[in-house]
Amino acid sequence: MGKLIILALIVVYVGGAWKFWTGFNKTNFNQSLPNRIGFSLLWPALFIANPSYRRNFRKALKG
């Protein structure tokens, strides 16, 4: 059961990073590669802690 939860968390993390990566051009962030990589990898922490990032994350996921 524990392995299934860990697998589910990994899938959600990778899926969120991929969706943000592909929709990054719809955000208000500077369109540089370091920003794209950093924001994509740190999305769970930034999503929880930063309202501005949350709005941009939702923009990236639309479309």
Side-chain angles (χ1 to χ4, degrees):
M1 182 68 173
K3 290 182 181 181
L4 185 61
I5 293 172
I6 291 172
L7 179 63
L9 288 174
I10 290 170
V11 168
V12 169
Y13 175 80
V14 171
W18 178 254
K19 289 290 285 183
F20 187 76
W21 180 272
T22 57
F24 187 76
N25 59 337
K26 297 176 184 118
T27 66
N28 297 332
F29 297 128
N30 183 0
Q31 301 294 313
S32 68
L33 185 61
N35 276 354
R36 189 176 209 165
I37 292 170
F39 288 141
S40 294
L41 293 177
L42 296 173
W43 77 265
L46 292 170
F47 187 83
I48 291 168
N50 192 322
S52 174
Y53 181 85
R54 223 177 346 257
R55 282 190 300 276
N56 278 290
F57 189 81
R58 287 188 186 114
K59 283 183 191 178
L61 266 54
K62 289 182 183 176

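Since the model is a prediction, treat every value here as computed from it, not as a measurement.
Residue Lys59 holds its NZ atom at 3.5 Å from CG of Asn28, rounded to the nearest 0.5 Å. Remark: Leu46 CG to Leu41 CG distance equals 10.5 Å, nearest 0.5 Å.
The cluster map of Ile, Leu, Val, Met, Phe, Trp and Tyr, joined by side-chain heavy atoms under 4.5 Å apart, puts Tyr13 and Phe24 in the same cluster. Val11 and Phe20 are members of different hydrophobic clusters when ILVMFWY side chains are connected at heavy-atom separations under 4.5 Å. Following chains of ILVMFWY side-chain contacts shorter than 4.5 Å, one can reach Val14 starting from Ile37, so the two form part of one hydrophobic cluster. When the side chains of ILVMFWY residues are joined at heavy-atom separations under 4.5 Å, either directly or via intervening members, Leu42 and Val12 end up in a single hydrophobic cluster.
When all heavy atoms of Ala49 and Pro51 are compared, the closest pair comes out as O-CD, 3.8 Å. When all heavy atoms of Asn30 and Asn35 are compared, the pair lying nearest together is O-ND2, 3.1 Å. Heavy atoms only, all atoms of each residue included: Ala17 and Ser40 are closest at CB-O, 3.5 Å. Taking both residues in full, the closest heavy atoms of Ser52 and Asn50 are given as N-OD1, 3.0 Å, listed atom of the first, atom of the second, then distance.
Contact annotation: the side chain of Tyr53 never approaches that of Ile48 to less than 4.5 Å [non-hydrogen atoms, C-beta and beyond].
Within the 3.5 Å criterion, the main-chain N or O of Gln31 finds no donor-acceptor partner in the side chain of Arg36.
Below 30°, between 30° and 60°, or above 60°: for Trp43 and Phe57 the angle between ring planes is below 30°, a parallel geometry.
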